[in-house]
Amino acid sequence: MPRCSTSRWGSGQPAICPNTAYPNPEPTMTLTELMDTLPYGPAPEAAQPALDWLKAHEGRFRLFIGGKWRDPAQPEWFATHNPANGQPLAEVAQAGAADVDEAVKAARKALAGWQQTPGHLRARYLYALARQVQKHARLFAVLETLDNGKPIRETRDIDIPLVARHFYYHAGWAQLMESELPGYVPVGVVGQIIPWNFPLLMLAWKIAPALAMGNTVVLKPAEFTPLTALLFAEICQKVGLPPGVVNILTGDGSTGAALVAHPGVDKIAFTGSTEVGRLIRKATAGSGKKLSLELGGKSPFLVFEDADLDSAVEGVVDAIWFNQGQVCCAGSRLLVQEGIAEKMYAKLRARMEKLRCGDPLDKAVDLGAIVSPVQLQKIQRLVQKGVEEGAELWQPSWAVPSQGCFYPPTLFTQVAPASTIAQEEIFGPVLAALTFRTPEEAVRLANNTRYGLAASIWSEDINLALDVATQIKAGTIWINSTNLFDAASGFGGYKESGFGREGGKEGLWEYVRKAERPGPKAQSRKTKASSKARETASLQPVATSLRPAIDRTAKLFIGGKQTRPDSGYSQAVYGPDGRLVGEVGLGNRKDIRNAVEAARAAFEGWRKATAHHKAQILYFLAENLSERAEEFARRLQEQTGEDGGAEVEAALEALFAAAAWADKYEGVVHPTPIRNVTLALPEPVGVLGILCPDDKPLLALAKLAGTALAMGNTLVVVPSPAAPLSATDFYQVLETSDIPPGTFNIVTGERDELAKTLAEHDDVDAVWYAGPQAGHALVERASAGNMKRTWTLPERGALPDTDEILRQATQIKNIWVPYGA
Ligand code: NDP
């Protein structure tokens, strides 16, 4: 805007603004009146520096592998466009499988050196990257806006500053890794696949923690938005990052798929659609690759009747019109308390009328362009569906530019909870509004989704807000705020929004592993419960020391009761000398379903039980086990041939440790950089299926199940088929220990058959599977249905450390609570 020579608005003499179309204000005009009459004038950011950068590369970009720019093995290129005008910006290489192979080899070659680089030196590199991002902030911001279509106001003030912040923050973790994560080493070569909605920010979320922890990476940006990743590769060169530590491969979905499939990759970190996340889960099943998935969302935005409505309206603007609604955690479902709904909608419509949509480089624009024609069509299709399903559509009176990919802010009211627009991720500037009457109904509606990424709660009553926050199943909750992000706070989903966290200390665990995995794989002792053995079991003599005799087949334990297996069959259990030591029930799908139902019914009660109460029950379990120590020791000896007494002692210690952790596994308060308390709370994962290892059957049960219980989960435990009798004896201990019915269920039977049922079950939240390698693949593949978390362990060998079990038994919910009078 041209500057005026004098400025005496409203005080007699009018100001003179030569060469402008602006009217000279009336001499008597107040400042407020003046603001209302000022016409809009575009304030475009200069595109030239970014265009010059593209020109300097002659509009063509190669692959960044091993610190050098290379042509793709197959000479294939594709164009990237400016979605605001459809103009091509540059051509980039299409990486194929051979290029993926080269990049993974380069990353592997660089790994040892990078891993051994002292934390302080890695911190210096990350610091240098942060500084370079800041020094080139304007270029990055403009380039991002050109390639993606998001408003320059956002790239300049949000995306790029957050990118720098991520590198600074993780420079700190590189420095502190040795002292704060002792005994942990990098995972290795990490394949990272990112989407187009926050191209450079997602790169930073992935690369910064990976490098800080000593990993090397191969990153594939989205095909719509590769340019800022390529500029980032240049700054990697500039800061002298060792060759191969960061490799950037441009390409489409097939490049991503080749990276996922490459056997030289130790971990895949993915952000994108749940659909592709599911494909990746299946593709990596059984490969031993570590996996983190940040997927879609349909996040609720709850407004209670005591909320500050004007603030809430501004919150909605940030929730659903930030980045044109192309945000995984966009507050796309507005849930308003019935009494204030009409008032809220009226305010919202008035605000929408004033939003500005147009050239993303214009600093005064609120909504830029949708990333591509295909995404625009998806939005149009889903909006049409909303209308067909009977919802009421409202859009402002102004029109969006006719050229380029633009879509107006859209409000749907009269939305049915089960309708497509209330359930499907639209990924556009479209808000679906529903009403509720009570907080209970609000929570039910909020949780009525397969996703669980985020939620925003608006109320002046902090008691109500926090109470609702703890009940919503989502990884991030913003109170009286929305879409706040910071490197110090973890971000990630519950349910089909994926697993793993990015940011905060909790995000680091995705990029490390224990220095030593469980020792040498012991010889797998074949489970002798074949069907043949089943038929002949009752004909064999039972080991003489066994009590009770063969006629007492151990039952299943479901919902606090001993139950017979649905199949009516039993399974023989043999000792190491081949002698029959007992029989257990042969559980099947139906028994698992009953056990899951019981565990689900018990979950809310157990979750809400105080930590002190949970600890008391665990101590009581230990006390009752110790009462029968001799009997358990004998049973262990019969099944394993090992020192049962020592194992019982170790199991008692494990139960004590679980009880101890019940009220000591604390969350943290993240120091996010606004006037804000960000509470990182560990929450139970939910209903867990635990398939126990063969070694140390009682200790494994006490340690895995005890710790999971301590964290508030309810369990369906499948004991080791090689030695299940300690678990079935254990239900008698459970019966005498005040544990609520359904909290701890035991189903004996064929491990892999039961594992598959558990992994496929949509009401199971996580499966821990200890067993042979083939079972790992089975469980991971079958779990893709509802994207449940899985944790696979060897059939035999040392049990994981308690800190690992605690992390697997919990998920972090970050609750942002801003303050200020
Ligand atoms: P995708 O999930 O397809 O893309 C994310 C990334 O994965 C991109 O780099 C993509 O490459 C890559 N990719 C695609 N297919 C495979 C594969 N089989 N194996 C490995 N990598 C693959 O998202 P889209 O861009 O297609 O968007 C579709 C929908 O996904 C959106 O409408 C939205 O609903 C949702 N979405 C959610 C995001 C989130 O943050 N939760 C982010 C982006 C989209 P390429 O770009 O070349 O296709």
Side-chain angles (χ1 to χ4, degrees), residues 76 78-81 83 92-97 100 147-148 150 191-199 201-203 205-206 218-227 229 248-262 265 268-284 289 291-299 322-330 332 370-382 405 407 420-421 423-430 450-454 475-476 483 485 491-493 495-500 502 784 787:
E76 282 183 43
F78 63 92
T80 177
H81 296 86
V92 297
Q94 163 68 40
V100 169
D147 207 16
N148 168 281
K150 61 170 71 189
Q192 305 184 317
I193 300 167
I194 55 171
W196 42 260
N197 53 346
F198 292 89
L201 186 56
M202 288 302 104
L203 173 149
W205 280 26
K206 299 267 180 295
V218 178
L219 178 129
K220 188 201 93 65
E223 98 193 67
F224 293 144
T225 53
L227 295 179
I248 308 279
L249 295 181
T250 47
D252 60 11
S254 68
T255 313
L259 186 55
V260 168
H262 198 291
V265 169
I268 293 289
F270 172 81
T271 299
S273 61
T274 296
E275 192 188 358
V276 173
R278 197 167 275 131
L279 289 177
I280 293 177
R281 169 68 291 182
K282 288 181 182 163
T284 53
K289 286 174 191 160
L291 181 63
S292 51
L293 299 173
E294 200 263 274
L295 309 174
K298 192 76 190 176
S299 299
F322 172 52
N323 199 16
Q324 298 71 251
Q326 302 168 123
V327 183
C328 48
C329 52
S332 52
I370 301 298
V371 74
S372 71
V374 57
Q375 282 299 125
L376 182 61
Q377 284 154 19
K378 180 184 170 194
I379 297 166
Q380 288 163 338
R381 204 172 52 244
L382 282 164
C405 292
Y407 198 83
T420 309
I421 55 167
Q423 293 295 329
E424 289 286 309
E425 185 177 42
I426 300 175
F427 231 63
V430 182
R450 61 195 172 105
Y451 297 114
L453 201 49
T476 299
N483 274 343
F485 309 99
F491 184 85
K495 305 198 283 186
E496 289 188 38
S497 290
F499 43 78
E502 294 184 300
M787 301 304 294

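Side-chain atoms are counted along with the backbone in the values below, which use heavy atoms only and exclude waters and symmetry mates. Both ligands and their constituent atoms are indexed starting at 1 by order of listing. These numbers come from a predicted model, not from an experiment.
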Participant: Does the ring center of Phe198 lie less than 6.0 Å from the ring center of Phe322?
Facilitator: yes
Participant: For Lys282, does the NZ atom have more than 12 heavy-atom neighbours from other residues, nucleotides or ligands under 6.0 Å away?
Facilitator: no
Participant: If hydrogens are left out, which of Glu223, Lys220, Gln94 has an atom nearest to atom 11 (O) of ligand 1, that is, the closest non-hydrogen atom?
Facilitator: Lys220
Participant: Atoms of ligand 1 less than 4.0 Å from Trp196 heavy atoms?
Facilitator: 24 (P), 25 (O), 27 (O)
Participant: May I ask you to list the atoms of ligand 1 that are less than 4.0 angstrom from any heavy atom of Glu425?
Facilitator: 33 (C), 34 (O), 35 (C)
Participant: Of all the atoms in ligand 1, which lie at a distance below 4.0 Å from a heavy atom belonging to Gly256?
Facilitator: 19 (N), 20 (C), 21 (N)
Participant: Check each atom of ligand 1 against the heavy atoms of Thr271 and keep those under 4.0 Å away; list them by number with element.
Facilitator: 5 (C), 40 (O)
Participant: Just go through Thr255, Thr250, Val374, Val276 and tell me whose heavy atom is the nearest to atom 16 (C) of ligand 1.
Facilitator: Val276
Participant: Can you figure out which of Gly191, Pro226, Gly253 has its heavy atom closest to atom 13 (N) of ligand 1?
Facilitator: Gly253
Participant: Name the residue from Tyr451, Phe270, Phe499 that meets the side-chain contact (heavy atoms from CB on, under 4.5 Å) definition with Leu295.
Facilitator: Phe270
Participant: Given Ala261, Ser254, Gly428, Cys328, identify the one with the heavy atom nearest to atom 40 (O) of ligand 1.
Facilitator: Cys328
Participant: Just to be sure I'm reading this right: ignoring hydrogens, which of Leu295, Thr274, Ile280 gets closest to atom 41 (N) of ligand 1? Compare them by their nearest heavy atoms.
Facilitator: Leu295
Participant: Taking only residues two or more places apart in sequence or in another chain, which ones pass salt bridge (charged side-chain N to carboxylate O under 4.0 Å, His left out) with Lys206?
Facilitator: Glu502
Participant: Closer than 4.0 Å to some heavy atom of Pro195 - which atoms of ligand 1 meet that?
Facilitator: 42 (C), 43 (C)
Participant: With heavy atoms of Gln375 as the reference, note each atom of ligand 1 found under 4.0 Å away.
Facilitator: 27 (O), 28 (C), 31 (C), 32 (O)
Participant: With sequence neighbours excluded, tell me which residues meet ring-ring contact (aromatic ring centres under 6.0 Å, His included) with Phe491.
Facilitator: Trp205, Phe485
Participant: Where on Gln326 is there a heavy atom closer than 4.0 Å to ligand 1, on the side chain, on the backbone, on both, or on neither?
Facilitator: neither
Participant: Backbone, side chain, both or neither: what part of Glu275 comes under 4.0 angstrom of ligand 1, heavy atoms only?
Facilitator: neither
Participant: Of the protein's non-hydrogen atoms, which lies at the shortest distance from atom 36 (N) of ligand 1, and what is that distance?
Facilitator: Phe427 CZ, 3.7 Å
Participant: Relative to the heavy atoms of Gly251, which atoms of ligand 1 are at a distance of less than 4.0 Å?
Facilitator: 47 (O)
Participant: So if I count the atoms of ligand 1 from 1 in the order they appear, which ones are less than 4.0 Å from some heavy atom of Gly296?
Facilitator: 41 (N)
Participant: Compare every heavy atom of Ser372 with every heavy atom of Cys405, then report the nearest pair and how far apart it is.
Facilitator: SG-C, 3.6 Å
Participant: What protein heavy atom sits nearest atom 9 (O) of ligand 1, and how far away is it?
Facilitator: Ile194 O, 2.8 Å
Participant: Run the contact test for Phe270 against ligand 1 with a 4.0 Å cut-off on heavy atoms, strictly below, and give the result.
Facilitator: yes
Participant: Between Glu496 and Arg278, is any pair of side-chain heavy atoms under 4.5 Å apart?
Facilitator: yes
Participant: Quick one: look at Ile193 and ligand 1, take heavy-atom pairs under 4.0 Å, and tell me if it's side chain, backbone, both or neither.
Facilitator: side chain
